[in-house]
Amino acid sequence: QVHLVESGGGLVQAGGSLRLSCAASGRTVTTAYMGWFRQVPGKEREFVAAIAWAGSTTYYQDSVKGRFTISRDVAENTVYLQIDSLKPEDTAVYYCAAKISGWYQGRYDYWGQGTQVTVSS
């Protein structure tokens with residue numbers, strides 16, 4: 001079992017930055033990938049970024065490359081999502097997720113409760 005808690009969301013003006021954090025606890029040693037997803041009301045949850053827990057290889061949705069940076073601190077069991085040059089269309093609930101095995105794509109096994117990011121124009 002892996003327990004995930006996100007933090008760092010909030011209201012920010014367009015062009016600003018935020019750093020989201022995801023604190024993981026439990027059997028994190030079994031985690032293969034950590035991912036960030038986002039969802040707006042009425043739309044499906046979409047993949048944003050992922051990072052391999054061992055090795056730190058990163059993956060991004062094409063639309064966020066260059067503005068989003070995923071990183072992790074293994075010692076602190078924490079994954080971060082740095083978001084720069086925020087746009088109103090980045091407004092969403094951002095979720096952290098953990099995948100126990102397989103490739104970074106596909107179904108994730110554990111999810112956090114989400115943190116709201118709102119970008120004003």
Side-chain angles (χ1 to χ4, degrees):
Q1 193 82 355
V2 178
H3 184 57
L4 305 171
V5 179
E6 302 98 331
S7 61
L11 174 63
V12 64
Q13 286 191 329
S17 297
L18 277 177
R19 189 176 79 156
L20 307 183
S21 299
C22 173
S25 60
R27 293 180 60 83
T28 56
V29 293
T30 64
T31 300
Y33 293 95
M34 295 292 292
W36 284 97
F37 295 75
R38 64 185 180 184
Q39 187 171 26
V40 298
K43 292 190 176 182
E44 290 189 0
R45 188 155 48 191
E46 66 173 359
F47 169 79
V48 173
I51 187 167
W53 195 244
S56 73
T57 304
T58 58
Y59 308 88
Y60 295 94
Q61 181 198 108
D62 286 344
S63 68
V64 306
K65 286 179 180 177
R67 296 193 301 120
F68 288 33
T69 304
I70 189 171
S71 61
R72 93 277 190 265
D73 185 329
V74 175
E76 295 294 327
N77 280 342
T78 301
V79 177
Y80 303 98
L81 186 68
Q82 176 71 34
I83 311 175
D84 298 317
S85 303
L86 276 156
K87 304 176 180 180
E89 52 263 43
D90 293 322
T91 296
V93 177
Y94 283 72
Y95 296 91
C96 174
K99 199 169 194 288
I100 301 304
S101 63
W103 192 232
Y104 76 94
Q105 296 165 316
R107 188 181 66 86
Y108 277 63
D109 300 288
Y110 301 99
W111 294 85
Q113 82 289 350
T115 185
Q116 176 71 47
V117 171
T118 303
V119 184
S120 63
S121 56

Task: Trace of the side chain to side chain contact (heavy atoms under 4.5 Å, CB included) decision for Q82 with F68 - done: CA-CA 6 Å; Q82 176 71 34; F68 288 33; over 6 Å; no

Task: Straight-line distance of R72 CZ to T31 OG1, nearest 0.5 Å - done: 11.5 Å

Task: Where C22 and M34 come nearest, the two heavy atoms and their spacing - done: SG-CE, 4.1 Å

- [ ] Would you please classify the geometry between the Y104 ring and the F47 ring as parallel, tilted or perpendicular, with 30° and 60° separating the classes?
- [x] tilted

Open item on the list: Any non-hydrogen side-chain atom of V79 less than 4.5 Å from a side-chain atom of I70?
Closed with: yes

Task: Nearest-0.5 Å distance that lies between atom CG in D73 and atom OG in S56 - done: 12.0 Å

Open item on the list: If you apply the rule side chain to side chain contact (heavy atoms under 4.5 Å, CB included), what do you find for V48 with Y60, and how did you get there?
Closed with: CA-CA 6 Å; V48 173; Y60 295 94; 5.9 Å; no

Task: Any donor-acceptor N/O pair, T78 side chain to E76 backbone, under 3.5 Å - done: yes

TODO: Taking the side chain as every heavy atom from C-beta outward, state whether V2 and D109 have any atom pair closer than 4.5 Å.
DONE: no

Open item on the list: Would you compute the distance between atom CD1 of I51 and atom OG1 of T57 and round it to the nearest 0.5 angstrom?
Closed with: 8.0 Å

Open item on the list: Check whether K99 reaches the backbone of S101 with its side chain - one donor and one acceptor, N or O, closer than 3.5 Å.
Closed with: yes

- [ ] Using the rule that two of Ile, Leu, Val, Met, Phe, Trp, Tyr join whenever any of their side-chain heavy atoms come within less than 4.5 Å, decide whether V64 and L18 are in one cluster.
- [x] yes

Open item on the list: Taking transitive links into account, so neighbours of neighbours count too, which hydrophobic residues share a cluster with L11 at under 4.5 Å side-chain distance?
Closed with: none

Open item on the list: Within the 4.5 Å heavy-atom criterion, are Q116 and T91 side-chain neighbours or not?
Closed with: yes

Task: E44 CD: over 12 foreign heavy atoms closer than 6.0 Å - done: no

Open item on the list: I want to check something: taking the side chain as every heavy atom from C-beta on, are L81 and T69 in contact at a cut-off of under 4.5 Å?
Closed with: no

- [ ] Please report the shortest heavy-atom distance between V40 and A92, naming the atom on each side.
- [x] CG1-CB, 3.6 Å

TODO: Could you tell me whether the side chain of Y110 and the main chain of A24 form a donor-acceptor pair under 3.5 Å?
DONE: no

Open item on the list: Using the ring-ring contact (aromatic ring centres under 6.0 Å, His included) definition, which of the options F37, W36, Y95, Y33 pairs with Y108?
Closed with: F37

Task: Closest approach of G102 to A32 (non-hydrogen atoms, all atoms of both residues) - done: O-CB, 4.5 Å

Task: Donor-acceptor contact present, side-chain N77 to main-chain S25, <3.5 Å - done: no

Open item on the list: Quick one: does any side-chain atom of T115 pair with a main-chain N or O of G9 as donor and acceptor, under 3.5 Å?
Closed with: yes

- [ ] State yes or no: do Y94 and V12 share one hydrophobic cluster built from I, L, V, M, F, W and Y residues joined by side-chain heavy-atom distances below 4.5 Å, directly or via other members?
- [x] yes

TODO: Give, for atom CG of L20 and atom OG of S7, the distance between the pair rounded to the nearest 0.5 Å.
DONE: 8.0 Å

Task: Distance (rounded to the nearest 0.5 Å) between K87 NZ and S121 OG - done: 14.0 Å

Task: Set of residues satisfying salt bridge (charged side-chain N to carboxylate O under 4.0 Å, His left out) with respect to E46, sequence neighbours excluded - done: R38

- [ ] Would you please name every residue forming a side-chain hydrogen bond (donor to acceptor under 3.5 Å, both in side chains) with W111, sequence neighbours left out?
- [x] none

TODO: Would you confirm whether E6, through its side chain, and C96, through its main-chain N or O, come within 3.5 Å as a donor-acceptor pair?
DONE: yes

